[in-house]
Amino acid sequence: MSDERSNSERHSHAENPRVNAGKSGADETAGVWMKYAGMGIELAGLTLGAGAIGYFVDWYFASERSIGVAFGVLIGFSFGMFRFIQVALKSVQRN
């Protein structure tokens, strides 16, 4: 069973406007909405994950203050916001 189409012909349908012509504006809006909802979840995950690492650092050193948690949350939130802004700027530049 050999397929006579080349590899480029098989994958060119993703760039073919006729294949994607059936998509409505609502489908595109849902895709954008889901993209940014996923970015919010990523931001929260990075913040909580880095905070958890800071918690374990505090636990390991038997710290009386939660300095590790504070730094972990700040670092996680900073990386998450950097990533969120980066993705948002890329999507604005495409439009």
*Of the non-hydrogen atoms in Thr47 and Leu43, which two are nearest, and what is the gap between them?*
OG1-O, 2.9 Å
Under 3.5 Å donor-acceptor pairs involving side-chain atoms of residues 72-86, not counting sequence neighbours:
{"from": "Ser78", "atom 1": "OG", "to": "Leu74", "atom 2": "O", "distance (Å)": "2.7"}
{"from": "Arg83", "atom 1": "NE", "to": "Glu42", "atom 2": "OE2", "distance (Å)": "3.1"}

_Gap separating the CG atom of Leu48 from the OH atom of Tyr55, nearest 0.5 angstrom_ = 14.5 Å
